[in-house]
K.L.:
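One structure is given below, represented as structure tokens, and several questions about it will come after.
Note: hydrogens, waters and symmetry copies are ignored here, and every other heavy atom, side chains too, is used.
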Amino acid sequence: EARVVNQIGHPNIVDIFAFGEMPDGRVYFVMEYLQGETLRACAARSRLSIDEVGEILKPLARALEAAHAKGVIHRDLKPDNVFLVDVGDDRPMVKLLDFGIAKLSRTTTRVERTATGAMMGTPQYIAPEQAKGYAIDHRADIYALGGIVFELLTGRPPFVADNAMEIVAKHLMEEPPTPSRFAAEVPHELDELILRMLAKDPADRPPNVRAAV
């Protein structure tokens with residue numbers, strides 16, 4: 001994680017200052033101390049407006065764009081991994097956390113944290129190709145980002161079920177509902193964009209984060 005984060009080097013990604021191994025073999029790393037709350041905690045208090053969601057998505061998109069430019073796929077985007085840093089009277093600063101299962105997509109500096117074919121990620125936001133254990137690229141992050149936007153605007157994830165396997169099955173087999181079905185204030189254009197981000201086929205999604213946000 002430390003190597004991946006340090007390779008990206010972006011103000012909207014949590015800083016890791018040092019890492020190493022203790023005499024007894026335990027590994028440690030030293031990261032910046034953040035005061036504030038996760039996006040999950042913020043959204044749990046009250047529904048965010050479209051403008052508020054936009055203010056969070058802009059820096060989050062910049063962080064993802066920087067990661068993708070370095071060939072890094074996050075693979076576990078979710079509101080719990082987005083931190084809103086308290087900076088006093090100004091709007092919170094967005095920090096993207098937890099690159100623990102990220103991998104580099106470039107073969108020249110490839111980093112793997114999981115076995116080939118293993119499903120990694122969080123069921124509520126996992127892209128279909130990732131759930132199948134297929135090779136993924138940055139568009140898996142775009143799918144997860146679409147799920148986050150859907151939930152921030154509607155108060156619920158795109159797919160809801162009693163257990164993780166049922167949720168994954170819905171990602172694989174069911175088309176997502178339109179966000180405006182649950183939040184009438186969501187305009188048609190935003191409906192269409194979010195549904196494109198949640199397309200089953202990666203080729204049908206926006207080609208990059210900038211095009212998505």
K.L.:
Identify the heavy atoms of M197 and I142 that sit nearest to each other, and give their distance.
P.N.:
CE-O, 3.6 Å

K.L.:
Do V149 and L193 make a side-chain contact, defined as non-hydrogen atoms from C-beta onward lying under 4.5 Å apart?
P.N.:
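No, side chains not in contact.
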
K.L.:
Could you see if L97 belongs to whatever hydrophobic cluster contains V30? Use Ile, Leu, Val, Met, Phe, Trp, Tyr and a side-chain cutoff under 4.5 Å.
P.N.:
no

K.L.:
Do L77 and Y125 come within less than 4.5 Å of each other through their side chains, counting heavy atoms only?
P.N.:
no

K.L.:
How many angstroms lie between CD1 in I126 and CG in L172, if you round to the nearest 0.5 Å?
P.N.:
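Separation between the atoms: 8.5 Å.
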
K.L.:
Below 4.5 Å, heavy atoms only, C-beta onward: do F83 and V94 meet side chain to side chain?
P.N.:
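A side-chain contact under 4.5 Å is absent here.
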
K.L.:
Minimum heavy-atom separation for R47 to L152, with atom names?
P.N.:
CD-O, 3.6 Å

K.L.:
Who passes side-chain contact (heavy atoms from CB on, under 4.5 Å) against E166, sequence neighbours left out?
P.N.:
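E166: side-chain contact (heavy atoms from CB on, under 4.5 Å) contacts with A161, D162, N163.
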
K.L.:
Just by distance, do the side chain of K95 and the backbone of P11 share a donor-acceptor pair under 3.5 Å?
P.N.:
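Confirmed, K95 side chain pairs with P11 backbone.
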
K.L.:
Hey, any chance L64 and V14 share a hydrophobic cluster, counting ILVMFWY side chains that come within less than 4.5 Å of each other, even indirectly?
P.N.:
yes

K.L.:
Are any of the side-chain heavy atoms of Q124 and K78 separated by less than 4.5 Å?
P.N.:
no

K.L.:
Rounded to the nearest 0.5 Å, how far does CG of L34 lie from CG of D86?
P.N.:
11.0 Å

K.L.:
Measure across F99 and I13 and return the closest heavy-atom pair with its distance rounded to 0.1 Å.
P.N.:
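Residues F99 and I13, closest heavy atoms: CE1-CG2, 3.7 Å.
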
K.L.:
Answer yes or no: is there a side-chain heavy-atom contact under 4.5 Å between S180 and H188?
P.N.:
no

K.L.:
Considering only heavy atoms from C-beta outward, does the side chain of T154 approach that of P177 to under 4.5 Å?
P.N.:
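When only atoms from C-beta onward are counted, P177 and T154 do not touch, as no gap falls below 4.5 Å.
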
K.L.:
Run the side-chain contact (heavy atoms from CB on, under 4.5 Å) test against E21 and tell me which residues pass, sequence neighbours left out.
P.N.:
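E21 satisfies side-chain contact (heavy atoms from CB on, under 4.5 Å) with no other residue.
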
K.L.:
In a table with atom names and distances, give each donor-acceptor pair under 3.5 Å that connects a side chain of residues 55-63 to protein atoms at least two apart or in another chain.
P.N.:
from	atom 1	to	atom 2	distance (Å)
E55	OE1	R91	NE	3.3

K.L.:
So, for D15 and E32, which heavy atoms are closest and what is the spacing to 0.1 Å?
P.N.:
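Reported closest heavy-atom pair: N-OE2, 2.8 Å.
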
K.L.:
In Å, rounded to the nearest 0.5 Å, how long is the span from NE2 of H68 to CD1 of I73?
P.N.:
7.0 Å

K.L.:
Give a yes or no on whether L195 and F182 share a hydrophobic cluster (residues Ile, Leu, Val, Met, Phe, Trp, Tyr; joining criterion: side-chain heavy atoms under 4.5 Å apart).
P.N.:
no

K.L.:
Measure from the side-chain N and O atoms of Q130 to the backbone N and O of R75, and report whether any donor-acceptor pair falls under 3.5 Å.
P.N.:
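Side chain of Q130 to backbone of R75, a donor-acceptor pair under 3.5 Å: yes, one is there.
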
K.L.:
Is there side-chain contact between L48 and C42, with at least one heavy-atom pair below 4.5 Å?
P.N.:
yes

K.L.:
Enumerate the residue pairs fulfilling side-chain hydrogen bond (donor to acceptor under 3.5 Å, both in side chains) with a member in residues 200-209, sequence neighbours excluded, ordered by first and then second residue.
P.N.:
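Listed by first then second residue: E129-R205.
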
K.L.:
Which ring pair (Phe, Tyr, Trp, His ring centres under 6.0 Å) pairs, counting each pair once, include a residue from residues 144-169, with sequence neighbours left out?
P.N.:
F159-H171

K.L.:
Between R40 and E151, does any NZ, NE, NH1 or NH2 come within less than 4.0 Å of an OD or OE carboxylate oxygen?
P.N.:
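Salt bridge between E151 and R40, a charged N being under 4.0 Å from a carboxylate O: yes.
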
K.L.:
Does the H74 side chain pair with the main chain of D98, one donor and one acceptor, at a distance under 3.5 Å?
P.N.:
yes

K.L.:
Using the side-chain contact (heavy atoms from CB on, under 4.5 Å) criterion, which residues pair with A169? Sequence neighbours excluded.
P.N.:
none

K.L.:
Work out which heavy atom in A131 is nearest to a heavy atom in V168; give both atom names and the distance.
P.N.:
CB-CG1, 3.7 Å

K.L.:
Side chains of T122 and N81, heavy atoms from C-beta outward: is any pair under 4.5 Å?
P.N.:
no

K.L.:
If you take all heavy atoms of L153 and E185, which pair is closest and at what distance?
P.N.:
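Looking at all heavy atoms of both residues, the closest pair is O-OE2, 4.2 Å.
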
